[in-house]
Amino acid sequence: MTHVYRSRHPPAINLMVMGREEVDLERILTVDEFTEPARGAMDPKAFAYFSGGAGYELTLADNIAAFGRRRLRPRVLRGIADVDTRTTMLGREVSFPVAFAPVGFNRLAHPEGEVAVTRAAAAARIVHCCSTFSSRTIEDVGAAGDRPWFQLYASYDRSVTDSLVQRAEAAGYQAIAVTVDLPVVGYRDQELRNSFEVPPEFFANMRPDIEGELADVVFHETHQGLSWDDIDRLRSVTSLPIVLKGILTAEDALIAVEHGVDGIIVSNHGGRQLDRSIATLDALEEVVQTAGDSCEVYLDGGVRRGVDVVTALALGARAVFVGRPYLYALAAAGHAGVSRCIEILRAETENVLHLMGAARVGDLSRDQVI
Ligand SMILES: Cc1cc2nc3c(=O)[nH]c(=O)nc-3n(C[C@H](O)[C@H](O)[C@H](O)COP(=O)(O)O)c2cc1C
């Protein structure tokens, strides 16, 4: 048998200098290690916006804890010489099953903002889902990336919603991910305490005259009364696949399937909306079972290591999304930081797949997780 010998860890990268902070990317071995450099590189109010959650932040913590509650049943002696991490998302091949979740206002973290993120994602052949509240325009991100997905916050004004979707379609985006867990903004204590405001020019896709506290702006720009009828209506506006982001129950998964959606992201918005809502990993299986083969099911929230990726996949997720990890990497070291974040997650995912006895992601089985 061929002896495969190559590095099991991300290759070394040179020293990066960011402002007054020096981040030695080679020494960053887990994505969690971007957190402190990110804190140092950002305005404290911006860091609070990125890191915080709703209420007592129980759900924020539970997303991570839920992974720690599970245990794995590895299989051995399967003669695996090499692991293939590739899969597909909505019919498109990705190099491994991790994607970038929509996170608003990336320029608060780094001047290049979403453009640096989408470039790194494109170079690594993974999906980047760009937020409605991106701080670079839909068009700039579309041109820099490789068919990113567009995350839609539907507006109370249908013409605004339609124009966002049409712009994304024209700019070559692959799919529309409609966020459904933000009828109103959750009580995020840190943001409220800080009276957090985003500079008006960072609302790259919105009216130029926007100002005020973020929670107020979001409240005024989004549709509080969004319903399944609006999802149906969206079908008539775009031919792109429609994914619903923010479903946590079998009941809603069933309705989503009945409305013919192409994908579901099991998400609680990174613990930023309803505190004490169920951890996403705990919600995953009922959604997977309900969706069956009708649509793809993804998960986000608390994914920090390859072992988390593999756990979610074994429980039926097609792929997972990460939010804060890439954002902190962006703050710490811009594009190079984001690339490093991807490398770490990919190397870890490959490692864990091999240890689980899975040569391909499709070889994982439900009974390998307890
Ligand atoms: C600072 C921040 C901003 C976010 N902005 C958006 C957004 O604009 N649209 C959206 O659908 N989700 C948004 N999310 C939620 C993420 O898409 C995702 O659900 C969450 O970050 C996943 O959890 P993780 O950060 O633990 O990986 C945001 C999350 C964070 C942390």
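In listed order, ligands and their atoms are each counted from 1. These figures come from a predicted structure and were not determined experimentally.
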Find all atoms of ligand 1 within a distance of less than 4.0 Å from any non-hydrogen atom belonging to [X], and give their numbers and elements.
{"X": "S267", "result": "19 (O)"}
{"X": "S131", "result": "7 (C), 8 (O)"}
{"X": "H269", "result": "6 (C), 10 (C), 11 (O), 12 (N), 13 (C), 14 (N), 15 (C), 19 (O)"}
{"X": "V322", "result": "27 (O)"}
{"X": "G323", "result": "21 (O), 24 (P), 25 (O), 27 (O)"}
{"X": "T179", "result": "10 (C), 11 (O)"}
{"X": "G301", "result": "22 (C), 23 (O), 26 (O)"}

List the closest protein heavy-atom neighbour of [atom]: residue, atom name, distance to the nearest 0.1 Å.
{"atom": "atom 26 (O) of ligand 1", "result": "R304 NH2, 2.7 Å"}
{"atom": "atom 5 (N) of ligand 1", "result": "G104 N, 3.1 Å"}
{"atom": "atom 12 (N) of ligand 1", "result": "K245 NZ, 2.9 Å"}
{"atom": "atom 19 (O) of ligand 1", "result": "D300 OD2, 2.7 Å"}

Answer yes when E33 and R27 have at least one side-chain N-carboxylate O distance shorter than 4.0 Å, and no when they do not.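 The answer is no: the pair does not qualify as a salt bridge.
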Taking the basic N atoms (NZ, or NE/NH1/NH2) and the acidic carboxylate oxygens, is any pair closer than 4.0 Å for D282 and R69?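 Yes, D282 and R69 are salt-bridged.
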Can you figure out which of F47, Y328, Y49, Y326 has its heavy atom closest to atom 3 (C) of ligand 1?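 The residue whose heavy atom sits nearest atom 3 (C) of ligand 1 is Y49.
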Out of F321, F50, Y153, F133, indicate the one that has the non-hydrogen atom closest to atom 9 (N) of ligand 1.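 Among F321, F50, Y153, F133, the closest heavy atom to atom 9 (N) of ligand 1 comes from Y153.
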Any luck finding a side-chain donor-acceptor pair between E221 and S155 under 3.5 Å?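 Distance-only check fails for E221 and S155.
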Single hit among D262, D229, D230 for salt bridge (charged side-chain N to carboxylate O under 4.0 Å, His left out) with R235: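 Testing R235 for a salt bridge (charged side-chain N to carboxylate O under 4.0 Å, His left out) against D262, D229, D230 leaves exactly one candidate, D262.
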Sub-4.5 Å side-chain heavy-atom contact between T280 and L248: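 They are in contact (side-chain heavy atoms under 4.5 Å apart), so the answer is yes.
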For a 4.5 angstrom cut-off between non-hydrogen side-chain atoms, does R188 reach N194?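 Heavy-atom side-chain distance check fails, nothing below 4.5 Å.
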Begin from the C-alpha positions of V322 and F100 and carry the test side chain to side chain contact (heavy atoms under 4.5 Å, CB included) through to its verdict. CA-CA 5 Å; V322 294; F100 284 166; 3.8 Å; yes
Hydrophobic clusters here meaning ILVMFWY residues chained together by side-chain heavy-atom distances under 4.5 Å, can you tell me if I264 and L90 are in one?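 The answer is no; the residues belong to distinct hydrophobic clusters.
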So among N63, T59, D300, which one has a side chain to side chain donor-acceptor pair (under 3.5 Å) with N268?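 Output: one option passes, namely N63.
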Any nitrogen or oxygen of P102 lying under 3.5 Å from a nitrogen or oxygen in ligand 1? Just yes or no.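 Looking only at distances, the answer is yes, because the N/O contact criterion of under 3.5 Å is met.
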R272 N/O under 3.5 Å from ligand 1 N/O: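 No - when backbone and side-chain N and O of R272 are compared with those of ligand 1, no distance drops under 3.5 Å.
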Does only the side chain of R188 get under 4.0 Å from ligand 1, or the backbone, or both, or neither? Count heavy atoms.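 Within the 4.0 Å criterion, R188 makes no contact with ligand 1.
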Contact partition for Q151 relative to ligand 1, non-hydrogen atoms under 4.0 Å: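 Q151 to ligand 1: side-chain contact only, backbone stays beyond 4.0 Å.
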Counting only heavy atoms not in R86, do more than 12 fall under 6.0 Å of its CZ?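 Check fails, neighbour count at 12 or below.
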Within the distance-only criterion (no hydrogens, no angle test), does the side chain of R119 pair as donor or acceptor with the backbone N or O of H335 below 3.5 angstrom?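 A pair under 3.5 Å: no.
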Sub-4.0 Å heavy-atom contact, V303 with ligand 1: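 Per 4.0 Å heavy-atom rule, V303 does not contact ligand 1.
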